2 protein chains.
Amino acid sequence: MKPKDQNKVEAVYKAMLVLVRQRGLAGITMAEVAREAKMATGTLYIYFKNKESLVAALTDKCVQHMAGGLFKDYNADNDFKTGFQKIWMNIVRHRIAFFNESLFIEQSFHSPFLNDEIRLALKKNFDPLILLLQRGKDEKTIKDIDSFWMLAFIIGGINEIARRVNYFNKKASQQVLETNFQMCWDGIKAT
Amino acid sequence: MKPKDQNKVEAVYKAMLVLVRQRGLAGITMAEVAREAKMATGTLYIYFKNKESLVAALTDKCVQHMAGGLFKDYNADNDFKTGFQKIWMNIVRHRIAFFNESLFIEQSFHSPFLNDEIRLALKKNFDPLILLLQRGKDEKTIKDIDSFWMLAFIIGGINEIARRVNYFNKKASQQVLETNFQMCWDGIKAT
DNA sequence: GTTTTAAGTGAATAATAATTCATTTAATTT
DNA sequence: AAATTAAATGAATTATTATTCACTTAAAAC
């Protein structure tokens, strides 16, 4: 028997991300996705039951991916600022490199497809970061501000960097990232 | 002759914003928009040539709206921080109150519809703010950081506040806004 | 109050897009 | 190397959605 070509699933995901970036979830058809992924329309339906489950599967994958790597190279023994900077850099680099994925999540968030389970998973991504912030507050290293809003401040800035790198075709050099981190840090550090 | 009911255009815009918030640009049909706006499908086509021009018209309107009010109650005689805070508050309040409009712009940004003219108009919105930042840098009140990135820092934080207010149904009290402004200010102020 | 004109209606039609399926292709097994 | 099995194909079908249009309604002109 002829085995399933597992590369195809990846090819479909990649095609979706490219097309959604270009035209939005509103603007793509299964035929286009198949063409972009270099396969026949019918083949799509061997790997995915229908459009809805394709969107759901990719959303899930992107959400998973976003969670992994958050604490990469993080060392709990480091002082708070060092650890926080590590994580900040991890997030910003991920958001820049996988901007299409953030975008896709964002779009599927506002679609007839997405369910509450995925919404919750998205929020849970940041639980470890909230714990870290608590440590910083306990040590009086950072301001005593509700983590919900402090996280908004941190993540908002990061998101906008990724947006601008992608929309305005800017390069975010190490220099630029460090400058941006400095603004973030000065914003949250205890006074 | 029977005159056009100009309220209908507004009703259609409102319906679009409500539905796009719920289901995304991908998930709405002209029939649904008409139903939500309490009119027959055919009536939509009296006011808008087709779906594309409806999306374009609403995007344009939202972009215009976002620009107005940025400098409301701003007094150039005030010291830099006072003036900046005024504008920061204007933006954050607008983004919260008209979150559906930001969302719609965002979605139409990634659609087969949007043109470069609108993209440019969006960017130009912030030109006056960039000028203001320059003043702050000249006076050495704020850090000497490229306005492009400083604006990313400022606007990113604001956007995320608006998102969280809307998605997590949080109330952004004056207290919360002031705390958030403080983080932003500490981030950009000269050290 | 009759005529005229354009708005408003919603079922009918046209266009587009999702999904299926008869057929072909290519691994694997015997 | 023939038989078997499931993947792959893409045209045909079905479903959905945009758009039109013959008709109705209501305001304005006369």
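Since we're looking at a predicted model, the values are computed, not measured. Within every chain, numbering begins at 1; the chains are lettered A, B, ... in the order of the sequence lines, protein sequences first and strands thereafter.
Between D5(A) atom CG and dT5(D) atom P the separation is 22 Å, expressed in whole Å. The nearest whole Å value for the distance from the CD atom in Q6(B) to the P atom in dA7(C) is 10 Å. Atom CZ of F48(B) and atom P of dA7(C) are 14 Å apart (whole Å). Protein atom NZ of K51(B) is 4 Å distant from nucleotide atom P of dA18(D), rounded to whole Å. To the nearest angstrom, P of dG10(C) lies 17 Å from CD of E32(B). A straight line from NZ of K4(B) to C1' of dT5(C) spans 14 Å, rounded to a whole angstrom. As rounded to whole Å, 7 Å separates atom P of dA18(D) from atom CE of M30(B).
Considering only side-chain N and O atoms, Y47(B) lies under 4.0 angstrom from the phosphate OP1 or OP2 of dG8(C). Under 4.0 angstrom from either OP1 or OP2 of dT5(D) there lies no side-chain N or O belonging to K2(A).
Under the 30°/60° scheme for interplanar angles, the aromatic rings of H65(B) and F98(B) are found to stand perpendicular.
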If you restrict it to nitrogen or oxygen atoms, what contacts under 3.5 Å exist between nucleotides 9-11 of chain D and the protein, and what is each distance?
{"from": "dT9(D)", "atom 1": "OP2", "to": "A40(A)", "atom 2": "N", "distance (Å)": "3.0"}
{"from": "dT9(D)", "atom 1": "OP2", "to": "T43(A)", "atom 2": "OG1", "distance (Å)": "2.7"}
{"from": "dG10(D)", "atom 1": "N7", "to": "G42(A)", "atom 2": "N", "distance (Å)": "3.3"}

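Backbone-only contact: I28(B) has heavy atoms under 4.0 Å from sugar-phosphate atoms and none from a base.
Which of dA27(C), dT19(C), dA27(D) sits closest to the side chain of P3(B) comes down to dA27(D).
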